[in-house]
Amino acid sequence: MIRTTLLTLLLSIALTSQAQNDLFILGGELSNSAATSVADIDEVMPRMKALGLNTVLVPAYWEFLEPTEGQYDFTLIDRTIQRAREQQLKVVFLWFGAWKNSMSCYAPLWFKQDTKRFPRTRTTEGKPLEIASCFSEEVFKADNRAFGALMKHISEVGSDVVTMVQVENEIGMLESARDHSPLAEKAYDTAIPRSLYKTLHISRPTTWRQLFGNDIYGEEKFMAYHYAKYVGRLCETARQYTQMPLYVNAAMNSRGRKPGQYPSAGPLAHLIDFWHAGAPQLLCLAPDIYDTGFKSWASQYALKNNRLFIPESRCCENSGARALYAFGEHNALGFSPFAIDQASPRETESVTHAYDILRQLQQLLYAPNHHWGLLFDEQDRERIINIKQERTVITCRHYFTLPWDPRATDGSTWPEGGAILMKLAKNEYLLAGTGVVVSFASEYEHNRQEQATLGEDGFATQGTATANQPSAPFNGSRIGIASIDEVSIDPSGHLNYIRRDNGDQSHQGRHARIACGEWKILHIRLYDY
């Protein structure tokens, strides 16, 4: 079964760039120690393919790459590329260089032991931390040589497999908002670059210390700019060998924590101007989302000047729903649950289902049509979409809002419902996902707000002692459901008919729904009457 409107949309995006498609990342990030031996890599790559990933995010460890200063060992890098190629997977390497989760734990031992040559940061009280100072030229030179060697090697042996590289990992200061080492103190007394005057709302020369003093939020801005400058210099080295996209990831400033209680000065949304100023070569700043409020975190990074990419998200039963939302609402570059290699089948099942749906929808997501991401839980149950030009109102809700599902009220934890709603043409939609129910109404009908609680059979759940009182005359049009077909979409754009949902499955034509635990693509056609 082929729909003309769908084929028209596919033709309209036939010229979509290959680079865009290469960065459609249905990813999973390996746990931190999952690729520290050849045996690890040999075991994990086939499992990632079986889960339905198209891209694996794999650490590249400085301590293994350069165990002796100036001597490089690419064994783990080469094995990762080889096994990915065999499994027809792409790879995003994560440079665990000078910093990983703020700390310098993946630096080689020869680097760690030489604190005079490679100085550490210090707290306000002067306590040294296991965090290399970004103000040290020797730290930069050592990190940069290894990173440059990695990027050169990748460009020579893995350009067909490696699509992107993360520069460092969750950069940021801990315990203090900024570094207080002697080198940092000297930098704090230097003049603020003129390029930052507009961002900082200043009009004449001044030093960082004169402007901010001991204000921790000002100190964070100072630190963010210098971390970014460091990363920008690494990017320039990478550009000597490849134009491969580069990005940085951020640990969130959540739970009411202050700079230093979270990794201060990392590539956070409120510091994006400082990061763009220091490292304009980066494709994006990417959030690692583990806390509640997924939609809010994602929206902070889905900006006109920052494409949304989620390289780390808690791997859980809701991961698949969140992936659909990220792509549907924000045209995300990619999504990647963390430590997917250690997750249980119950946690990875939703990822496999969601990625199967996203593969089918991939070309349509680039088409010039309207689509929305839906994500619901017990507290956030409903979204109203108003298509003004057609005077159509779409009400989207969590599946458990249906009054007859006992899990809604028996104390069960509501799984997140997530889906992509896509408008193909007037009165024609796709709904793809899990745990959602969608109804359609004319604007006139919606504004009357005639809400009645109906059972699964469509009858009133409870009678009243008196007859219904007449209401104001109904003088407008309504929208009805012509058909709801469960379909799959093949690479050529065919809608392959599976079954029709009608009667009880559409509440006698009242809505389209996908139950929690089910994963479907529904093709919906409407009509006016």
Side-chain angles (χ1 to χ4, degrees), residues 96-107 111-140 142-143 168-193 196-197 199-202 205-233 248-275 277-279 285 288 290-291:
F96 285 9
W99 303 291
K100 192 275 176 190
N101 291 51
S102 299
M103 309 301 287
S104 298
C105 53
Y106 281 96
F111 179 99
K112 291 179 179 179
Q113 289 178 326
D114 193 346
T115 57
K116 183 176 181 179
R117 182 180 167 199
F118 307 115
R120 306 300 191 262
T121 61
R122 291 182 178 271
T123 66
T124 309
E125 299 78 23
K127 181 176 71 172
L129 302 173
E130 191 58 78
I131 302 174
S133 175
C134 70
F135 299 96
S136 167
E137 189 63 17
E138 288 301 313
V139 167
F140 172 77
D143 191 5
E168 310 292 349
N169 187 87
E170 292 188 354
I171 292 172
M173 269 293 295
L174 291 174
E175 297 193 36
S176 292
R178 70 169 177 90
D179 181 5
H180 287 269
S181 67
L183 289 171
E185 291 300 317
K186 182 178 179 181
Y188 203 52
D189 284 319
T190 60
I192 295 172
L196 292 179
Y197 280 17
T199 299
L200 290 170
H201 307 291
I202 58 178
T206 184
T207 68
W208 295 94
R209 191 183 303 276
Q210 288 169 340
L211 183 62
F212 292 122
N214 296 324
D215 175 67
I216 60 172
Y217 295 98
E219 291 182 322
E220 183 181 36
K221 294 172 182 176
F222 158 79
M223 200 71 197
Y225 176 71
H226 286 90
Y227 270 137
K229 288 288 287 184
Y230 183 109
V231 167
R233 294 176 70 191
V248 285
N249 65 325
M252 297 295 91
N253 52 325
S254 58
R255 309 178 203 177
R257 294 174 292 196
K258 296 179 180 179
Q261 295 174 336
Y262 62 79
S264 174
L268 293 155
H270 70 281
L271 300 170
I272 191 169
D273 289 343
F274 297 93
W275 274 87
L285 314 187
D288 292 347
Y290 291 90
D291 285 285

Does a side-chain heavy-atom distance below 4.5 Å link Ser176 with Lys127? no

Would Asn169 and Tyr106 satisfy side-chain contact (heavy atoms from CB on, under 4.5 Å), going step by step from the backbone distance to the final call? CA-CA 11 Å; Asn169 187 87; Tyr106 281 96; over 6 Å; no

Within 6.0 Å of NZ in Lys112, more than 12 heavy atoms from elsewhere: yes

How close do Pro259 and Ile216 get, heavy atom to heavy atom, and via which atoms? CD-CD1, 3.8 Å

Distance (rounded to the nearest 0.5 Å) between Arg178 CZ and Met223 CE: 8.5 Å

In the structure I gave you, are the side-chain heavy atoms of Leu129 and Arg120 within less than 4.5 Å of one another anywhere? no

Heavy-atom side-chain proximity of Pro119 to Ser181 below 4.5 angstrom: no

Just so I know, are the side chains of Phe274 and Glu220 near enough to count as touching, which here means a heavy-atom distance under 4.5 Å? no

Do you know which two heavy atoms are closest between Val231 and Ile171, and how far apart they sit? CG2-CD1, 3.6 Å

Smallest separation among heavy atoms of Arg257 and Asp291, with atom names: NH2-OD2, 4.4 Å

Any side-chain heavy atom of Tyr290 sitting closer than 4.5 Å to one from Ser254? no

Between the CD atom in Gln210 and the OH atom in Tyr188, the distance rounded to the nearest 0.5 Å is 10.5 Å

Any donor-acceptor N or O pair under 3.5 Å, side chains Asp143, Tyr230: yes

Given side chains that start at C-beta, do those of Tyr227 and Leu271 come closer than 4.5 Å, heavy atoms only? no

Would you give the length of the straight line joining atom NE2 of His180 to atom CD of Glu185, rounded to the nearest 0.5 angstrom? 6.0 Å

When rounded to the nearest 0.5 angstrom, what distance separates CD1 in Ile192 from CZ in Arg209? 12.0 Å

Looking at residues at least two apart in the chain, or sitting in another chain, which of them share a ring-ring contact (aromatic ring centres under 6.0 Å, His included) with His226? Phe135, Trp208, Phe222

Looking only at side chains, do Thr199 and Asp273 share a donor and an acceptor under 3.5 Å apart? no

Contact check, side chains of Lys116 and Asp114, non-hydrogen atoms, under 4.5 Å: yes

Distance check, rounded to the nearest 0.5 Å: Thr123 atom OG1 versus Leu174 atom CG? 11.5 Å

Taking the side chain as everything from C-beta on, heavy atoms only, tell me whether Pro193 gets closer than 4.5 Å to Tyr225. yes

Using a 3.5 Å distance criterion without hydrogens, assess whether the side chain of Trp275 forms a donor-acceptor pair with backbone atoms of Ala269. no

For Ser102 and Pro263, which heavy atoms make the closest approach, and how far apart are they? OG-CB, 3.5 Å

Considering non-hydrogen atoms only, spot the tightest contact between Leu200 and Lys221 and give its length. CD2-CD, 4.1 Å

Donor-acceptor contact present, side-chain Glu130 to main-chain Cys105, <3.5 Å: no

Looking only at side chains, do Glu138 and Ser136 share a donor and an acceptor under 3.5 Å apart? no

Nearest 0.5 Å, what's the CZ-OG distance between Phe111 and Ser104? 5.5 Å

Any idea which heavy atoms bring Val139 and Ala132 closest together, and the distance? CG1-CB, 3.9 Å

Can you check whether Glu170's main-chain N or O pairs, donor with acceptor, with Asn249's side chain at less than 3.5 Å? yes

